[in-house]
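If you're wondering where the values come from, they're calculated on a predicted model, not measured in any experiment. Chain A is the first sequence line, chain B the second, and so forth, proteins listed ahead of strands; every chain is numbered from 1.
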Amino acid sequence: MSAPDHILSLLLALPVLGALVIACMRRGSERAIKVLALALTTGVFLLSLLLVREFRPIAAMQFVEHHAWIPAYGISWKLGIDGLSLWLVVLTTFLTPLGLLGSWSSIEDRVKEFNVFMLLLETGMLGVFFALDLFLFYIFWEAMLIPMYFLIGIWGHDRRIYAAIKFFLYTMAGGVLMLVAFLVLYVKAGVRSFDLERLVETNVDPAVQMWLFAAFAVAFAIKVPMWPFHTWLPDAHVEAPTAGSVILAGVLLKMGCYGFLRLAMPLFPDATVAFAPWIAALAVVGILYGALVSLVQPDMKKLVAYSSVSHLGFCMLGIAALTTTAVTGSVYQMLNHGISTGALFFMVGMLYDRRHTRLISEFGGLKRVMPWFSALFLVICLSSIAVPGFNGFVGEFLILVGSWPTQRTATILASVGVVLAAAYLLWMVQRVLYGEVTNPKNESLPDLTPREFAVILPLVALALYMGVASPAFTRGIEPSVATLLQRVRLKAAQAQVTPRAEASAPPGSVAAETRP
Amino acid sequence: MSSLLDVIVQSPALVLPWIILLLPLLGFTVLCLFGEAIKRDKEDNGAGILATSVVLAAFGLAVWVFVALLAQPPADREGLRFVQPYLGFEWIEVGSFHVSMSLLVDPLAAVMMLVVTGVGGLIHVYSLGYMAHDEERVSYFSYLNLFTFFMLLLILGGNLPLIFVGWEGVGLCSYLLIGFWHRKKSASDAGKKAFIVNRVGDAGLILGMAMAWNAFGTLDTFELAEHAKNLAYEPIAQAGVVTAFCLLLFLGACGKSAQLPLHVWLPDAMEGPTPVSALIHAATMVTAGVYMVARMAPMFRLSEGGMLAVAWVGGVTALMAATIALVQTDIKRVLAYSTVSQLGYMFLACGIGAFGVGVFHVFTHAFFKALLFLGSGSVIHAMSGEQDMRKMGGLRTKIPVTFWTFVVGTATIAGLPWLAGYYSKDEILLNAVVRERLPLFYLGLFTALLTAFYMSRLLFMTFFGTFRGGHDAEHHVHESPWTMLGPLVVLAAACFYVGRLHVNEFLAPALRSPDPAELPHPHWFPWVVIPVAVVGILGAFLIYVVYSGLSARIYAALRPLARVLEEKYGFDRAYDGFASRVVVEGSAGVLWKQVDAALIDGAVNGAGRVVDGVSRAARTLQTGFVRGYALVILGGAVALLGYLVWMR
Amino acid sequence: MTNLDLRPVFPALIVALTGLAVLLAQAFAPKGRKAPAAALSALGLATAFVSILLLARGPRHGLGATTGGAVSADAFALFLQGLVLGVGVLVVLLSPSYLRATRQERGEYYALVLFSIVGMMGLVSATELISLFVALETMSIALYALAGMRRDQPESQEAAIKYFITGAFASAFFLYGIALLFGLSGSTSLGRVASAVASPGRSELAAIGAGLLLVGLGFKVASVPFHMWTPDVYEGAPTTVTAFMSAGVKAAAFGALIRIFGAALPALAPKWQPAVAALALLTMVIGNLGALAQSNLKRMLAWSSIAHAGYLLTAVVAAPRVAAEAVLFYLVGYAAVNLGGFGALAALARDGREPLSIGDVAGLSQRRPLLAAALTVYLVSLTGVPISAGFVGKFYLFGAAVGAGHVALAVAGVLMSVVSAYYYLGVVVQMYMKEPAGEDEWGPVGAGSALAMAVSVAL
Amino acid sequence: MAGIDRLLQLVVSEPFLFYVFSATAVASALGVILQRNPIHSAFALIVTLCSLSAIYGLLGSPFIAALQVIVYAGAIMVLFLFVLMLLNVRKEEPAGGRATRTAAVLLALVLAAQLGAALAGAGATPAAGFDASTASFARVLFGARFVYVFEATSILIVAALVGAILVAKKDP
Amino acid sequence: MTTIPLQHALFLSALLFCLGVVGVFLRRNVITVFMCIELMLNAVNLAFVAFSRALGSLDGQVLVFFVMTVAAAEAAVGLAIVIALQRHKDTLDLDAFNVMKW
């Protein structure tokens with residue numbers, strides 16, 4: 001079977017259609033709703049595997065669809081994927097059915113709405129990865145917020161409303177700045193189009209680039225989240241239901257990094273080069289800071305949330321390094337983080353389902369009570385620590401090797417994060433799994449159910465597979481990254497040749513210049 | 001597939017290392033998946049037997065490889081890369097950066113392989129008895145198998161990242177096995193500590209690899225070694241890079257091989273089952289650092305600073321650990337510090353350029369230290385788990401086999417003639433003399449004295465005198481089963497033999513050693529080192545056997561010094577303090593509570609509150625009085641008109 | 001008398017006649033029976049809408065025709081007239097159940113709504129200041145009365161008097177502005193004014209005139225600092241009237257604003273653009289801040305409508321180039337959504353009560369899932385999150401502003417939308433994330449309201 | 001005699017009358033805004049309106065002048081007075097809010113200055129042969145431009161009537 | 001023949017307008033406030049008439065005509081509102097009407 005035409009549109013449409021169907025179903029038919037949603041998302045996953053099969057490891061956009069949409073503004077329905085997005089797409093379609101399966105029994109209230117929002121969320125996420133038109137990108141970018149907002153706000157825990165609103169406002173604040181930057185770019189680039197591939201060919205004045213890049217960077221940095229824009233994350237993660245946390249950590253955070261790669265870097269090469277040290281610096285702060293704060297969290301979900309800050313710091317360091325090795329490693333690390341942290345959230349969720357608490361101090365000695373859970377939990381933690389042989393190591397290693405030549409100090413500091421990752425995760429493992437069972441409530445906790453195995457085992461298997469067979473993934477990623485960096489370097493070099501007088505003008509000059 | 005089969009048939013050497021490597025992994029996998037099925041009842045030992053036989057099979061194959069390697073003419077430089085089996089796929093590949101799944105089997109790897117599978121096999125056998133009654137012995141044996149796999153990978157890995165996989169993997173197994181009795185908090189603490197401290201070194205190793213790739217363009221160990229040849233003739237500009245590379249690598253080695261200042265995890269690691277201590281924390285894993293340094297010997301030779309650091313860190317560690325060992329009362333901790341000390345010797349050897357001798361000592365040490373650990377395990381087994389030497393005594397008659405093998409071990413480590421330790425350790429000291437590193441020689445010599453002393457102290461406190469434990473305990477003392485004694489006897493016998501193997505000569509091509517010109521052998525040398533050992537033993541005999549009250553008097557007299565030693569020079573306290581006070585409390589108190597919650601989130605929420613406050617304040621302008629509204633309109637109009645008229 | 005081209009005023013004429021017909025039907029209805037005022041109004045509005053469609057078919061059918069140079073049927077006017085009519089239809093659909101629930105069933109209500117619509121239609125099609133003023137007053141006077149319609153509620157009357165006093169006050173300013181422009185050009189025709197303004201000299205007169213006009217129209221669109229009446233009036237007026245005001249008046253007044261400043265005063269643009277920009281900024285900021293502190297839903301929506309006036313003004317700054325389309329698009333989306341928002345509140349009214357406090361809608365999603373979903377869509381659209389009309393509207397608006405070089409204004413605008421998200425989401429939080437408190441005391445959603453809301457959701 | 005003649009000429013001359021009526025208008029306007037009693041205010045306003053009517057006449061707008069008296073001073077003000085009587089309005093309490101009043105007066109002064117500044121620049125090009133007769137006024141009013149507006153005012157009036165009824169009618 | 005200077009008529013208009021404005025804020029009685037607004041409208045009318053004369057355009061006078069109509073209509077509705085208010089609150093004090101605020 002080969003990929004049908006318009007497969008990307010199909011992938012986008014299926015979840016929405018499913019959501020519509022489910023929205024029309026009766027309230028009583030919870031089970032049918034769950035089955036339908038799971039079947040549908042699984043189907044979407046299988047369909048996305050066709051993308052993998054048909055994907056050719058070249059730099060160009062593939063499966064491109066291009067239809068005029070609002071021609072007056074140069075807006076088009078343009079979809080396509082390349083090495084940067086391919087695996088993130090698959091990650092999305094992979095985690096969504098798992099998320100549904102993982103919350104099979106933990107979501108009992110308003111099942112219908114839950115499934116509808118999950119499906120809409122999937123479309124939103126896929127749309128972000130598919131979009132090759134800035135307008136389209138923004139639409140999906142923001143549209144994704146709403147289902148996530150509801151997921152956190154309705155099915156979350158105690159402080160869910162605060163967390164949901166914080167998440168929404170934070171992300172939206174970044175997003176709208178990006179929107180303005182889109183508009184300015186549209187005006188300044190002079191092609192009167194939102195088509196990414198056309199805009200990339202234009203040369204924006206370096207001074208303007210700085211501002212636009214900054215606006216993009218804020219939006220993406222909030223999403224990543226980079227220090228110090230990260231404080232929404234622990235709250236959102238802690239309060240979100242399991243599936244929400246998984247998707248949030250697994251996919252949503254990646255969009256920040258992806259945004260840098262897909263939009264900010266190719267559009268603003270000069271600014272990219274200029275900002276790279278700063279991004280690297282913030283990334284390193286994030287790595288260390290996230291790890292240290294993670295170390296002392298009493299709440300497992302919060303711990304994992306801060307660990308995400310640390311891990312995503314590695315991704316950003318790789319991106320800031322601007323070498324093929326590092327950026328490829330960075331993309332790979334995004335996938336790894338999606339797998340490992342997703343699995344961690346699942347497992348914390350399983351504990352929560354059993355005990356209705358996430359406090360580390362409530363547990364202890366689970367290794368005796370839940371041997372399988374403990375073994376898999378440990379494996380996932382090791383993968384998250386980036387023990388070689390697991391997926392995380394390949395990503396981190398590529399990032400560090402690739403960052404060494406361009407961001408040496410940052411690389412050296414980042415390696416401290418490697419140590420700290422072991423510290424915070426193993427300390428948690430020790431307090432949760434080891435020791436005597438001190439809390440009588442933990443005496444009779446059941447081990448993993450078959451459904452839970454079905455959720456966790458694919459993730460564990462993938463973590464191992466990705467740890468030993470990375471070229472299967474990176475071969476697709478690398479050409480796109482190489483082309484991207486080549487473009488960045490080329491254009492930045494061109495700008496070096498032309499007089500840099502206006503590029504070094506003080507920031508205030510842009511505002512003055514934009515006035516007619 | 002057929003081509004693969006052809007390859008196997010035509011040149012088994014290409015495949016054998018892979019089989020050796022994967023056998024333990026197979027064992028692990030089987031035990032993991034079907035372990036519960038194998039362990040049919042409480043007494044069943046199927047898991048252990050499976051694990052043991054897998055390792056022994058690997059040993060058999062390793063011997064085959066070793067023999068095949070011996071058949072190669074040692075001078076044949078091309079034969080260095082005796083086999084570099086390649087699995088046919090890349091592990092990591094991004095552009096020009098790639099890491100292959102390739103192994104390197106050269107003399108160095110072969111020797112280490114023998115040690116790991118041989119001594120490892122014996123320890124597996126020993127474990128059959130030692131762990132016979134443990135509930136979780138299936139996972140224990142699976143971990144041991146996994147460890148063997150990673151250790152072999154570490155040894156055979158053809159490039160640094162692959163070595164690093166093994167490197168971290170053995171660390172992981174060490175973590176699992178140290179914390180094997182996880183219900184004891186001290187055990188899980190020790191496991192965690194081992195992993196984290198190792199991680200510090202690993203960070204150095206990762207950076208070293210990152211640097212190596214960017215500086216030398218390859219991570220393949222063979223290519224790096226070849227590259228070193230060319231580097232020697234390149235401008236000195238590279239020297240700084242090489243030194244940095246060596247130091248980063250050595251940082252990793254310090255972590256794994258418990259050298260200053262990362263030695264603190266090893267004594268704590270004794271929380272694990274004793275066979276684990278013997279295998280991982282004495283015979284094999286901890287020597288990985290030495291192996292790594294030896295592996296990169298051609299690079300180290302280019303860096304004077306690197307060599308100096310290695311030698312002095314090794315020397316000082318050897319002395320420091322030996323002094324601490326003087327005051328330890330836990331039988332295993334004495335051995336642990338002894339291990340640290342011996343590892344220091346090995347680095348000392350490498351640091352003065354005698355890499356072959358260093359590895360030789362690794363080789364012999366594996367035997368005698370495994371012997372000592374297993375012996376101590378037998379003692380502990382006999383004592384029903386008691387490890388405090390102050391509660392032992394007079395055991396020589398009760399567990400004679402253990403006693404006599406232990407005597408051999410002690411004599412070996414003390415460096416008495418005809419035993420393995422004499423050949424390897426004294427060769428190190430000899431090298432220090434002939435290479436004119438006299439300070440290091442004296443350091444080593446003094447350490448040798450201390451070694452003989454504290455090992456004899458251990459021996460005498462345990463086996464001589466009268467039993468100091470309770471009556472019940474005395475009643476329970478019993479000799480260990482044959483599965484445990486067998487390996488002891490084998491290892492003791494080996495101590496008489498392995499010292500005569502010319503391991504360092506065999507290794508020379510792998511280490512790219514300069515042509516082994518015959519070292520001058522000062523004839524006074526044996527007359528210095530043997531008496532030193534004898535003096536140490538006799539001193540201990542006098543203090544602990546003849547005048548048994550003397551030790552307490554000496555202890556009282558040297559109380560301040562003893563305190564320092566008992567405090568282990570304060571390393572643990574300082575590190576714990578740093579970790580709990582600075583890192584944990586700093587993270588919780590400053591970063592989390594203040595920076596994150598108060599500052600950043602405070603700023604965010606504060607902005608919200610300010611907006612809210614402004615909003616509430618602005619609300620009060622809306623007084624509800626309609627003329628107020630009109631006034632605002634008027635004011636607005638005036639302002640607007642004012643702007644339009646006067647602002648041009 | 002020359003033969004007058006009456007085609008441009010034809011739709012308005014239909015609406016006016018319908019209004020009279022409603023009155024007559026009321027007068028001659030048999031005792032004890034209600035005249036089908038709502039149906040009649042809806043029919044009339046629909047007919048007018050059709051006539052606009054006919055006019056819009058092309059120049060041959062009347063597109064671009066003018067009635068005596070005072071009223072023009074250009075595309076701009078027709079579009080806005082259509083919008084106003086659409087608003088009217090929806091309001092008329094929403095009204096019966098609301099009036100019944102609040103015991104306000106009066107035929108005059110529909111007549112006044114229709115007359116007000118006539119005024120709005122005149123406002124957006126006038127090309128001459130006198131007819132513009134008369135249309136403005138027709139619209140306003142009907143609304144003054146509508147605002148004060150609920151005789152049982154002091155709030156309603158208070159709203160009426162506040163609206164009336166401030167409205168008349170602002171009208172006087174507006175009128176003075178007309179006087180000055182007349183004094184400048186000798187004519188009230190926008191075209192003549194434009195040429196007079198463009199000629200050199202006497203710029204103070206033109207500037208002050210423009211400023212005064214801005215005061216008057218700023219009042220109608222509820223721009224800061226001429227906005228103070230809005231919260232009180234929106235709160236006090238019957239909810240359907242509020243919906244009508246927030247959607248219709250704003251659309252019509254913005255139509256007039258763009259026409260005056262785009263057609264008559266472009267020469268003065270460098271002078272008034274910064275002023276309008278300042279107004280836009282103030283309006284966005286204060287509108288959103290004001291809404292933030294509200295717990296009364298109608299009041300909150302009132303403040304939010306002020307904020308939206310601010311967004312719209314950013315595009316006016318960019319006039320006369322691209323702004324018109326942007327504003328028009330935004331107005332459509334905004335009108336639909338705002339109508340829907342107020343309509344949802346109106347639809348819940350029963351027994352003279354309606355949901356006012358934000359707590360009143362707690363848990364609505366469980367009692368009225370569809371209504372809650374609809375209201376959510378409105379709120380999301382008001383926030384301007386994508387795949388809603390509000391987003392596309394904002395996109396055009398800020399696109400226009402950026403295109404004209406007002407990046408700072410666009411930045412302020414988008415940041416303020418973030419602030420607005422906070423209070424809009426507050427309502428969503430109540431509906432979806434809180435449990436309903438107390439008895440279910442809100443009325444069932446009437447069919448007409450349902451239809452009206454469905455239409456606005458679809459938009 | 002010449003002096004008296006001159007004086008007489010002055011008295012009946014348009015500017016003089018204009019100033020006289022202006023003064024009256026301003027004075028009575030002050031009366032409107034300063035009187036406590038609304039009825040007094042209403043009377044003062046009538047005086048203002050009548051003075052304005054005279055000024056309209058002086059400015060050559062006889063028809064408007066007539067309308068002013070008939071519609072404004074007559075009809076509208078009578079309506080006001082009627083309502084005042086109807087509601088039996090008491091004398092107003094001293095108005096509070098000194099700050100508001102002060103601010104209003106100051107702002108009004110500024111506004112006056114601004115308007116003055118603008119009006120000072122108003123072009124005075126006296127048109128020759130300005131025909132402000134009622135007939136020509138009618139031609140303009142019922143001309144193509146305004147006839148529609150004129151008709152539209154009927155809607156305005158109806159709306160006002162209906163609105164007034166809607167608001168003020170007593171509940172049945 | 002001496003004519004009335006345009007500016008003087010306009011200044012009078014501005015003065016009356018501002019007096020009306022001030023009146024709105026000085027008086028509390030709704031009807032008086034309303035009358036002040038009428039005064040403002042009249043001031044504008046004066047400006048129209050003056051301009052009309054000065055520019056020789058009758059548009060201004062037509063406007064005055066319409067303004068008067070509007071004023072009448074406003075008066076009708078406004079006074080109706082006043083009556084309704086009086087009925088409810090028994091006062092015409094403008095400051096008494098502030099149920100709704102903030």
Does Tyr465(A) have more than 12 heavy atoms from other residues, nucleotides or ligands lying within 6.0 Å of its OH?
no
Output the option from [options] having the highest count of non-hydrogen pairs under 4.5 Å with chain B.
options: Leu400(A), Val468(A), Thr324(A); value: Val468(A)
options: Leu433(A), Val394(A), Val481(A), Val416(A); value: Val394(A)
options: Pro479(A), Ala386(A), Ser294(A), Ala482(A); value: Ala386(A)
options: Ile385(A), Val437(A), Asp235(A); value: Ile385(A)
options: Pro405(A), Ala291(A), Gly417(A), Gly389(A); value: Pro405(A)

Tell me if a side-chain donor or acceptor on [X] pairs with a main-chain N or O of [Y] at a distance below 3.5 Å.
X: Asn214(B); Y: Trp404(A); result: no
X: Ser470(A); Y: Trp91(B); result: yes
X: Thr474(A); Y: Glu93(B); result: yes
X: Arg199(B); Y: Ala423(A); result: no

Residue part contacting chain A, namely of [X], when any heavy atom lies under 4.5 Å:
X: Leu599(B); answer: neither
X: Asn605(B); answer: side chain
X: Val197(B); answer: neither
X: Val200(B); answer: both
X: Leu153(B); answer: neither
X: Leu172(B); answer: side chain

What verdict does the side chain to side chain contact (heavy atoms under 4.5 Å, CB included) test give for Ile600(B) and Trp227(A), after you've listed the backbone C-alpha separation in whole Å, the side-chain angles of each residue and the deciding distance to 0.1 Å?
CA-CA 10 Å; Ile600(B) 299 177; Trp227(A) 191 88; 3.6 Å; yes
To the nearest 0.5 Å, how far apart are [atom1] in [X] and [atom2] in [Y]?
X: Ser415(A); Y: Ile206(B); atom1: OG; atom2: CD1; answer: 7.5 Å
X: Ser96(B); Y: Glu478(A); atom1: OG; atom2: CD; answer: 8.5 Å
X: Leu420(A); Y: Ile196(B); atom1: CG; atom2: CD1; answer: 9.0 Å
X: Phe97(B); Y: Phe397(A); atom1: CZ; atom2: CZ; answer: 4.5 Å

So [Y] and [X], do their side chains get closer than 4.5 Å, heavy atoms only?
X: Leu378(A); Y: Tyr175(B); result: yes
X: Tyr434(A); Y: Arg183(B); result: no
X: Asp601(B); Y: Trp232(A); result: no
X: Leu207(B); Y: Thr411(A); result: yes

Centroid-to-centroid, Phe164(B) to Phe393(A), below 6.0 Å?
yes
With a 4.5 angstrom heavy-atom cut-off, which part of [X] approaches chain B: side chain, backbone, both or neither?
X: Ile477(A); answer: neither
X: Phe229(A); answer: neither
X: Val429(A); answer: side chain
X: Leu398(A); answer: side chain
X: Leu295(A); answer: side chain
X: Tyr170(A); answer: side chain
X: Leu382(A); answer: side chain
X: Thr328(A); answer: side chain

Greatest number of non-hydrogen atom pairs under 4.5 angstrom with chain A, of Met209(B), Lys185(B), Met211(B), falls to Met211(B)
Go through Val387(A) and Phe195(B) one step at a time and tell me if the side chain to side chain contact (heavy atoms under 4.5 Å, CB included) criterion holds.
CA-CA 11 Å; Val387(A) 169; Phe195(B) 198 92; 3.9 Å; yes
Criterion side chain to side chain contact (heavy atoms under 4.5 Å, CB included) on Val401(A) and Val94(B), from CA distance to verdict:
CA-CA 11 Å; Val401(A) 168; Val94(B) 172; over 6 Å; no
Test side chain to side chain contact (heavy atoms under 4.5 Å, CB included) applied to Gln430(A) and Asp189(B), step by step
CA-CA 8 Å; Gln430(A) 181 193 14; Asp189(B) 272 347; 2.5 Å; yes
